[in-house]
Amino acid sequence: MRLTQYFIPTLKEIPADAVIPSHQLMLRAGMIRLLGAGIYSFLPLGYRVLKKVETIIREEMDAIGGMEFHLPALNPKDVWEETGRVEAFGDTMFHLKNRELVLAPTHEEIITSIARSFVRSYRDMPQIWYQIQTKFRNEPRPKSGVIRSRQFTMKDAYSLDNSPEGLDASYDKHVEAYKRIYSRCGLKFFIVGASSGAMGGSGSQEFMVESDAGEDLCAFNMETGYAANIEIASSKIEPVGRLDENPDAEKFATPDARTIDDLIEQFSIPDERCAKSLVYFADGEPYLIFMAGNDQLNEEKLKTALGAIEVRPAHDEELAGITGADSGSIGPINLKSKIKQIADVRIQNANGMVSGANENGFHYKNIDLDRDADISAYHDLRTVLEGEPDPVGGKPLSVKKAIEVGHVFKLGTKYSDSMKALFLDDKGEEHPIIMGSYGIGVERIVACHIEQRHDKDGIMWHPSIAPFQIQITALKYESDVTREHADRFYNELTEAGLEVLFDDREGVSPGFKFKDADLLGMPVNVIVGEKHLKDGNVEIKIRETGERKITPIDDVAAVCKQLVDELGKVEL
RNA sequence: CGGGGCGUGGCUCAGCCCGGUAGAGCGCUCGGUUCGGGACCGAGAGGUCGGAAGUUCAAAUCUUCUCGCCCCGACCA
């Protein structure tokens with residue numbers, strides 16, 4: 001492709017609205033343009049990359065027996081009512097104003113509606129159905145360029161099985177396919193156990209790319225292999241346990257203690273002997289929750305523990321009404337109204353605890369949670385911290401930020417139950433289809449690739465998804481000798497099956513062309529200039545390493561092909 | 001949704017506090033020189049200062065409302 005005939009609006013300066021490297025570089029390299037908050041146009045160069053990622057995904061999905069569909073993005077609302085997900089998605093789902101239609105944020109319902117019409121027998125399964133499609137989510141705050149946007153491309157796959165073992169097999173196939181997909185896209189990634197959230201189901205894992213731009217935290221230990229999203233990560237932290245002495249609970253004045261830290265400081269109480277009390281509403285119902293000391297409540301775990309769709313902390317006015325005190329003086333004893341109580345397992349059956357007296361400025365000490373509180377259940381509710389022993393091998397956990405590039409779920413029968421997608425087994429008995437759901441964020445792969453592969457000058461594409469594998473930079477294209485050779489290389493390389501971006505601009509200074517080439521980041525740059533041509537050579541530069549190979553004119557095609565092959569090798 | 005910031009030519013920004021002829025650099029067009037790391041000289045084109053209302057003799061500048069974008073938080077398969 002000749003640059004003079006192609007549309008690549010590069011930017012010399014960093015756009016003010018872009019913060020993270022991938023966003024800045026995608027704008028500067030002329031890959032994308034913003035249309036509205038979280039809405040991006042893909043320009044030719046960016047779309048080439050997107051299509052290459054999609055091709056890799058297709059190849060790997062087809063390789064595990066997947067069949068590609070193309071489902072509508074515009075969906076009748078009542079299909080979504082069947083599973084209760086209009087409510088579950090809430091404001092995240094776009095609703096049309098002039099029809100009872102929604103824009104699909106994912107496609108479980110549509111797949112299930114097809115399955116219930118046509119999949120009747122256990123003999124019809126397994127099936128793997130997938131599509132690569134535009135999804136719409138009304139993100140409250142789009143950010144980081146294409147990493148969190150309101151319209152994006154997702155590869156979503158669904159497995160249909162007639163047994164739990166079948167689901168396991170389908171799930172494992174997807175995990176293997178996903179590993180190949182990310183590896184082939186030149187990404188370094190890791191897999192963590194994850195919460196299944198609003199998707200429902202029994203198990204899920206996320207494919208993560210470590211990045212400061214990430215919105216998820218993951219806890220892991222390389223040695224033991226434990227890895228989990230912080231939303232579900234647990235640790236082998238010591239339980240608080242019971243003290244031998246167990247005197248009656250006793251009220252004492254704490255006029256200046258509003259926080260756990262105040263209590264620790266002013267009354268020399270060990271932090272784990274403080275029972276922090278929180279009031280949360282889960283789907284509208286209030287709960288009093290006890291945590292040890294300064295342990296952080298994990299809202300995702302709370303949702304799972306209570307089976308709730310939505311949880312939120314109580315407001316100050318609500319606190320006073322329920323407990324009789326403001327936050328900071330809340331506890332299990334002397335509550336103003338009856339409220340369900342739950343606690344973190346770390347303080348299960350603990351005594352000798354200090355907690356609020358439900359009267360501003362007072363706390364109780366010597367609280368025995370068994371004796372003095374009315375706790376209906378203990379759950380793992382705390383957020384793990386870096387350095388705590390991991391639950392597998394007891395080795396210290398690391399906590400890192402990461403971007404989610406894929407998510408696989410064992411859905412089970414959540415959707416087939418509610419939508420009555422049933423099949424007959426070999427005994428003639430009716431069962432709901434056992435489903436799995438598997439997503440990949442296509443734009444996120446591109447953004448993460450750039451996050452991982454860039455330097456101060458620009459992008460460093462892996463050949464597998466580079467928009468072009470080769471760039472030819474013709475310095476002073478207007479000179480006859482340069483033009484003659486550059487044209488020749490362009491033809492030779494193209495005929496050799498390589499994708500070539502040919503900078504054939506005239507009257508553009510060498511420095512300008514070099515800077516553009518580094519920004520665009522094709523893996524191999526063939527620099528055609530009189531300096532080396534007069535000796536019968538050209539310079540071939542490898543973008544990633546900066547290595548320059550002075551190459552005889554006649555060897556250019558062969559050397560380029562070899563370099564692209566070498567640079568494109570991946571471990572599978 | 002809460003907090004903060006920003007909207008001035010295609011891009012990056014100055015001007016606003018203290019009202020009085022709309023600016024710079026880059027980019028773009030034309031002519032010439034230059035040509036291996038974002039060249040130089042000369043001549044040009046290009047802006048309802050996000051929008052609306054108000055105050056004023058006079059508004060980019062002050063007031064109110066509104067729209068948009070970004071950041072932090074809340075939220076997020």
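From a predicted model like this one, the values you see are computed outputs, not experimental measurements. Sequence lines set the chain letters: A, B, ... in the order given, protein chains first and strands last, and positions in each chain run from 1.
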Tell me what A:Lys155 touches on the nucleic acid: a base, only sugar-phosphate, or nothing, going by heavy atoms under 4.0 Å.
nothing
Spacing of the P atoms in B:C13 and B:G9 (rounded, Å): 12 Å
Checklist line | Between B:G4 and B:G42 - C1' atom distance, rounded Å | finding: 47 Å
Discussion item. When you measure from the side-chain N and O atoms of A:Lys12 to the phosphate of B:C28, is any distance below 4.0 Å, counting only OP1 and OP2?
Written reply: no
Across every strand shown, the nucleotide meeting Watson-Crick or G-U wobble geometry with B:C6 (both distances under 3.5 Å) is B:G68
A:Lys515 atom NZ is separated from B:G27 atom P, nearest whole Å, by 15 Å
Separation of B:C69 atom C1' from A:Tyr40 atom OH, nearest Å, is 10 Å
Of A:Leu34 and A:Ile14, the one whose nearest nucleotide on RNA chain B sits closer to the 5' end is A:Ile14
Q. Considering only the C1' atoms, how many Å lie between B:A60 and B:A52, rounded to the nearest integer?
A. 16 Å
Would you indicate what A:Arg141 reaches in the nucleic acid, counting non-hydrogen atoms under 4.0 angstrom: base, sugar-phosphate, or nothing?
base
Under a 3.5 Å limit on both distances, the Watson-Crick or wobble mate of B:A22 is none
Between A:Asp212 and A:Lys401 (salt bridge meaning N to carboxylate O under 4.0 Å), is one present in this structure?
no
Honestly, is A:Arg483 close enough over A:Tyr477, meaning NZ or CZ under 6.0 Å from the six-membered ring centre and within 45° of the axis? yes
On RNA chain B, more 5' by nearest nucleotide between A:Arg148 and A:Gly511 is A:Gly511
note: A:Gln24, atom CD; B:C71, atom P; distance rounded to Å ~ 11 Å
A:Lys541 atom NZ is separated from B:G37 atom P, nearest whole Å, by 12 Å
What integer number of Å spans the P atoms of B:A58 and B:U66?
26 Å
Checking B:C71, B:U12, B:G36 against the side chain of A:Pro15 (C-beta onward), the nearest is B:U12
Quiz item: Counting any heavy atom closer than 4.0 Å, what does A:Pro9 reach on the DNA or RNA strands: base, sugar-phosphate only, or nothing?
Solution: nothing
message: Taking atom types as they are modelled, would you say the side chain of A:Glu13 forms a donor-acceptor pair with the base of B:G38 within the 3.5 Å cutoff?
response: no
Of the candidates B:C75, B:G36, B:C13, the side chain of A:Glu299 sits closest to B:C75
Taking B:G36, B:C70, B:C75 as options, the one with an atom nearest any side-chain atom of A:Phe514 is B:G36
Under 4.0 Å between any heavy atoms, over every strand shown, what does A:Asp156 touch: base, sugar-phosphate, or nothing? Just pick one. nothing
Using Watson-Crick geometry (N1-N3 plus N6-O4 or O6-N4) or G-U wobble (N1-O2, O6-N3), each under 3.5 Å, B:U55 is paired with none
Scanning all shown strands, the Watson-Crick or wobble mate of B:G37 with both distances under 3.5 Å is none
- Using the P atom on both, measure B:G15 against B:G31 and round to a whole Å. 38 Å
A:Asp17 CG to B:G68 C1', in whole Å, measures 10 Å
Using the C1' atom in both, what is the distance from B:C62 to B:C57, to the nearest Å?
16 Å
Under a 3.5 Å limit on both distances, the Watson-Crick or wobble mate of B:U29 is B:A43
### Task
Look at the aromatic rings of A:Tyr182 and A:Phe189 and report parallel, tilted or perpendicular, splitting at 30° and 60°.
tilted
query = When all nucleic acid strands are considered with a 4.0 Å heavy-atom cut-off, which category describes A:Phe152: base, sugar-phosphate, or nothing?
reply = base
Check this for me, if you would: do A:Arg488 and A:Asp554 make a salt bridge, where the nitrogen-to-carboxylate-oxygen distance has to be below 4.0 angstrom? yes
query: Does the separation of the ring centres of A:Tyr438 and A:Phe207 fall below 6.0 angstrom?
result: no
Review point. Is the centre of the A:Tyr130 ring less than 6.0 Å from the centre of the A:Phe69 ring?
Key: no
Rounded to whole Å, CD of A:Glu506 lies from P of B:C35 at a distance of 16 Å
When rounded to whole Å, the NZ to P distance for the pair A:Lys476 and B:A39 reads 16 Å
Subject >> Distance between P atoms of B:G50 and B:G68 (Å, rounded) >> reply: 16 Å
* Asked: Contact class for A:Gly529 (heavy atom, under 4.0 Å): base, sugar-phosphate, or nothing?
  -> base
**Message:** Just to be sure I understand the rule, does A:Asp518 reach a base, reach only the sugar-phosphate, or reach nothing, if contact means heavy atoms closer than 4.0 Å?
**Reply:** base
Taken to the nearest whole Å, CD/A:Gln151 to P/B:C76 is 22 Å
What integer number of Å spans the P atoms of B:G19 and B:A24? 24 Å
As its Watson-Crick or G-U partner within any shown strand, both distances under 3.5 Å, B:C17 has none
Sugar-phosphate only, base, or nothing, as touched by A:Arg33 at under 4.0 Å among non-hydrogen atoms: nothing
Give A:Arg548 one of three labels, base, sugar-phosphate or nothing, depending on what nucleic acid heavy atoms sit under 4.0 Å from its own. base
Answer for the Watson-Crick or wobble partner of B:C49, both distances under 3.5 Å, is none
For A:Asp283, the side-chain hydrogen bond (donor to acceptor under 3.5 Å, both in side chains) test, sequence neighbours excluded, returns none
Is the distance between the ring centroids of A:Tyr40 and A:His23 under 6.0 Å? yes
Note to self: Using a heavy-atom cut-off of 4.0 Å across all strands, would you classify A:Gly507 as base, sugar-phosphate, or nothing?
What the structure shows: nothing
